[in-house]
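Proteins get letters first, then strands, A, B, ... in listed order; numbering begins at 1 in each.
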Amino acid sequence: MDRKRIAGLLSSTTGLALTVGIAFVIVIILIFVLSKEPGRAIYYFFVGPFTKSYYFGNMLNQSIGLIFTGLGIAVAFRSSTFNLGGEGQAYAGAMAATVICLSLPSLTGIVGGTAAILGAIATGAFLAGLSGFFRMRWGTDQLISSFLISAAVILIVNYLVTGPLDDPTNSMLTTARIGQQYQFLRIFKPSKLDISIVFAVAAAIATYFFMQRSHWGYEMRMCGINREFSRYAGINVAKYLMVPMAISGGFHGLAGAVAVMGTHYRCLKGVTAGLGWNGIAVALIAKNNPVAVIPAALFFAYLDAGARAAMLHADVTFELAKIAQAVIFFLVTAQALYGFFTTRKRVAA
Amino acid sequence: MSNTSFPIPMLHSTIRIMAPFLLAAIGGLFTELAGMLNIALEGLMLIGAFFSVIFAAATGSLFLGIALGIVASVLAAYIFGFISLHLRANIFITGLATNVFAEGLTMVLAFQIFGNKGVIRFANLPRLPVLSNPSLQRIPVLGDILVGHNILVYVSWLMVVLASIVIYKTAFGLRVRGTGSNPGAVEATGLSPRRYRMYAILISGFTCGLAGAILSLQLGAYVPGVTAGRGWIALVAIYLGNKTPLGILIACIVFGFAESLSNYAQGVIDVPADFILAFPYIITVVAMIAYSMIRHYRLRGSER
Amino acid sequence: MEGITKFFAASGVLANDAVDLVVEEGEIHAVIGENGAGKSTLMKLLYGLEHADAGEITFRGEKVAIKDPFVANRLGIGMVHQHFKLVSDFTVAENVVLGSEPRARGPFIDRRSAVRDVSKVIEEHGFSVDAKRKVQDLTVGQMQQVEIVKMLYRNAELLILDEPTSVLTEQEIESLFNTLKNLLGRGKTIILITHKLEEVMQMSDRVTVMRDGKVVAVRDTKDVDKRELSRLMVGRDILLEVDRKPPTYGDPVLELKDVTIRCRGQGRPLLDRISFQVRSGELVGIAGVGGNGLAEIEDVIGGLRRATSGRIFLHGEDVTALGPEPLREVGLAYVPADRLRRGASLPTTVRENCIVTKHHDFLRTGILQKRGIRAFTERLIEHFSIDAVEGMPAGNLSGGNIQKMILARELAAETDFILFSEPTWGLDIASSQFVYEKMLELRQRGAGVLLISSNLDEILGLADTVLIMYRGRIVGRLENTESLSKEIIGEYMLGLRDDSQSPSAVASAEGSRG
């Protein structure tokens, strides 16, 4: 490795450390201001997730969805396509998986489950692919169209959950429970951690190799870095305005399916809320590197788990995690903190 | 539907409902003209909603409540602007951050102060004064629709006028628009584009704070997540309104009407409320696609 | 300006190295130099857009610190940038007053007096723009007038014009020069940045020559001639050392028939019925001044832009409608003019740059074969003696090595037709020489080579057939014989000669169409 690269890596690592450090400092300050027992709250916030296997398992479980959505965003960003509709795609995926499971009550788990997962992926891919298609065809702004489609989809899924698919026997706003055979194996009881974490990790590694070594991955990356160059060299750049979006949407749909089949066993109202937005943060922390998405997702899940533990054992509330996440969100793209972006821009005239 | 008086209260509530949209969108218009996609409107509104009702209840003064709500929101906008402009972060991501931050902060504070995260009612909260002028109200139709709202509704209309003047008649407006169209041109005259961007962000903080104040003071309570996507719809209104104050006004009337319709339609006609709420998003995406199609086919033949 | 030094840490470029520049009041002072000599940077320092690392600026006897254009304006320094700094959806008046708007009351702009004041400046100097029109509706020449009005409105005494003629038509240039003489008559001082010697001789009183960030000479214009200036600019008498053997032509590999590109809303087509062919073993050079259709020819042959009408044949196949990907399959190799954006992807590794046009060859069941790619890249690096490591980002390479890398990649395709566009622009002599040798090698091998270049030495030194473009048309087709000189080509390039208008040329064009 040459010097420049190491320097770049270093400054990006220190930037990230600084970002996380600032987030923690703000959380600690907030706890001191708000809590009557700050020591206890801080202890549980930072150490809590590791004190009980239940917390720990749930933290890992929480990271599964974030790995999938983080991967979806990383693939899209790497290709310079913008998927802002993750929330809707994940929610629609959850709904698609639920509907398929509910309408195929007598199939075996493998067959019906595969159908449900594929259906969820296809749903997410279709929704995101639409935005890709509009941009490819007419140059419609992808950022905004994907958000708008997602916002509309969320409301429509809400309608399905609370209207025609509502389970009248349950007081919660939710669909009926999916069949036993479709529920993923729990591997770390009493926590909700299920077998799909294995798939998530495998998916991250597979995505890494897909992006680095596969035909499509290479062309997508080239388009992402320099579209003019790619077009000149004969890569079908139009195609790669849509393909990465569809892949991204597929990952989000998958995250939705896993939330239903692995954790909740039903499509609750807002079952995937936050997965889309946080997926963006996870991908940014990971610098769009698919393998780095795993620790980034774990870190986000850790913040959540810490706040939950602190809420149960002390007098602060769970939303403390949101503030920490917001601080990271704020700073993760701040070029002033990541020296190595800044030297790029200026070119001698 | 034969009842002829039916549309009047619906139009009346349209006017009430659209006020927060209008205010947030007008603030967002400044940032948009300065060349920034401001998705923080939602979060800024939420902060305004929370702090205005808290301070109004604490001080017993409506004015102080609104003022401090706005201060909080402008402060948040400053943080948002500082990180985006001075630390050179991606404004889109920091906008998301602002929304997450607002959500977290209001929840945490509500919990710490009131011990719960649900709806917080305030017994002796001062009510927003309502403009009721019997002689004006006697004007047929218009009187029924336009009179009898709280004063902030009228403030929101005033803001539209004010914004038009500032944008089109003042040096400041010219500079903000120049910043958005070609920051290089502004820089070449010795002005700092970054400064005008910051001003625009602070203006959006101001109007969003006011928009939030309307939401919660109308209810007389703080409802978690009271903004419910209104900031996003305001953003949509800017695009649909073709980035002009008048266009935004029309877009907001449409959205206000849609929401009002959904309130009234429940039980009357068989369209689920969620579908009607989805309407602004769908209509905007269709409009966007149509717009880009037209542009695409106009450019064709020259560029490939 | 004295001892001005500017170093761009990011790119490692010492743009200005202890530069002294003295401009006397009431003169037109030309600053000349090749691309990248540091002229523009020096002017940006004077205008406050960049800040010097060392040195000082004295203006009218006083030491000044110009921290931003605002200060420059106040001192009476104005600048017209090469790329106009105008807000296209504003009116002329709005653009001119931006930043120093006349006020009615408080913050309100006094529109009427803005239009009136601006119109007054326009009239006084005999410009032809309407203060109330939107800038986007103006011609390029008019936009430049707006820029000049902008300076005059601010009472600039020292006017800097950065390459003002590069985008103008002949008539516009003439009217600009009249304007400048007029301004001089009113006691203004003008700095004219250019790399065109004609303009220096015609317009300036004195001239400062820059090369590689340094001032190499300051002369009174009347004491120098073009030859001396050009020698000073490039540091040597230009002379290409290439050994061009007599050509042997084969069948046509590329043929264009009446290729036209029209832009909506523009009267003159960008390309107007372009017809020519390149035979195997032939090196065809297309010369012209920028903006006369060279870039469009590059794009249309490269498949990046579609012809409005006309046909293109490559190896006998009709490729008119094909994009870059199928074109490369038919047999196109192409070294683009914009090598930093189009020709290479700077953040990407050398390896990934090298395989971009033929990565399909390294696929096995959809997976890129790392070992094969490495070996291939290392082979290219060796054969073309590129100073690089296969895993390093292309952006770390020098300009010459980036061009070698592109060359290596394009030549590796071993096609019988290769397009070169401005292949030595901004390269040092050794790298240019390398590129020339490769081009001649290809021609010798029997490939058809098309060279698009605004560098006449290159065209004269290499081409067998010379085509000259002017305003979208081919105005001259010449065999490159001993009698052909730069002066003759130059006359075609500037529109002074035009064979396409003569009856015989029209007849032959008609004939080829029939």
Side-chain angles (χ1 to χ4, degrees), chain A residues 1-9 11-12 77-80 136 205-241 243 287-289 335 338-349, chain C residues 6-16 36 38-44 49-50 82 162 213 302-304 323-329 332 334 336 338 340-348 352-353 355-360 362-363 365-370 389 391-393 395-396 409:
Chain A
M1 263 213 268
D2 56 303
R3 252 220 205 117
K4 243 187 183 168
R5 210 148 148 200
I6 293 171
L9 211 65
S11 73
S12 81
F77 281 6
R78 271 256 159 143
S79 320
S80 279
M136 178 174 92
I205 295 167
T207 307
Y208 178 82
F209 279 102
F210 171 77
M211 291 305 282
Q212 288 303 319
R213 300 288 299 278
S214 82
H215 181 197
W216 276 23
Y218 172 78
E219 295 194 340
M220 266 158 67
R221 275 190 300 121
M222 289 300 127
C223 288
I225 294 167
N226 186 339
R227 204 158 268 138
E228 164 101 12
F229 169 69
S230 306
R231 194 163 98 92
Y232 147 82
I235 293 173
N236 185 349
V237 291
K239 173 167 120 188
Y240 293 110
L241 291 174
V243 169
K287 297 258 174 269
N288 300 326
N289 177 334
Q335 294 183 22
Y338 298 79
F340 93 113
F341 279 124
T342 57
T343 50
R344 260 269 142 72
K345 281 241 159 139
R346 296 168 103 193
V347 179
Chain C
K6 174 71 188 176
F7 179 68
F8 286 99
S11 50
V13 172
L14 187 60
N16 287 159
K39 303 167 300 205
S40 287
T41 306
L42 186 66
M43 291 307 120
K44 281 184 181 161
L49 282 169
E50 301 277 359
Q82 190 178 0
D162 189 1
L304 296 166
E325 189 181 9
L327 268 177
R328 284 184 179 276
E329 269 162 38
L332 167 78
Y334 157 30
D338 185 352
L340 299 187
R341 261 172 18 98
R342 185 178 286 180
S345 175
L346 301 186
T348 320
E352 293 190 321
N353 267 286
I355 61 160
V356 70
T357 51
K358 59 181 323 179
H359 60 279
H360 298 91
F362 298 100
L363 287 173
T365 58
I367 302 295
L368 291 168
Q369 298 303 305
K370 224 171 177 172
V389 181
M392 109 203 301
N396 289 8
R409 180 186 68 214

Per-residue contact mode, L332(C) against chain A (heavy atom under 4.5 angstrom): neither
Heavy-atom nearest pair, R328(C) first then G234(A), reads NE-N, 4.3 Å
If you compare all heavy atoms of P347(C) against all heavy atoms of I225(A), which two are closest, and at what distance to 0.1 Å? CG-CG2, 3.6 Å
Which residues satisfy the ring-ring contact (aromatic ring centres under 6.0 Å, His included) test with Y334(C), sequence neighbours excluded? Y232(A)
For the residue pair N236(A) and E325(C), what are the closest heavy atoms and their distance? CB-OE1, 4.2 Å
Where does the angle between the aromatic ring planes of H359(C) and H215(A) fall among parallel (under 30°), tilted (30 to 60°) and perpendicular (over 60°)? tilted
Option that, when pairs with chain A are counted at under 4.5 Å, heavy atom only, ranks first among P326(C), G343(C), A344(C): A344(C)
Minimum-distance pair of heavy atoms, taken over all atoms of S345(C) and N226(A): OG-CB, 3.9 Å
Heavy-atom pairs under 4.5 Å with chain C - which of F210(A), Y218(A), F229(A) has more of them than the others? F229(A)
Sort and list the pairs that fulfil salt bridge (Lys or Arg N to Asp or Glu O under 4.0 Å) and have at least one residue in residues 217-230 of chain A, not counting sequence neighbours. R221(A)-E352(C), E228(A)-R341(C), E228(A)-R342(C)
Proximity breakdown for K358(C) and chain A, heavy-atom pairs closer than 4.5 Å: neither
Can you say whether I367(C) sits under 4.5 Å from chain A via the side chain, the backbone, both, or neither, judging by heavy atoms? both
Among the listed options L327(C), I355(C), D338(C), the residue most often paired with chain A at heavy-atom distances under 4.5 Å: I355(C)
For F362(C), I'd like to know if atom CZ has over 12 heavy atoms of other residues, nucleotides or ligands within 6.0 Å. yes
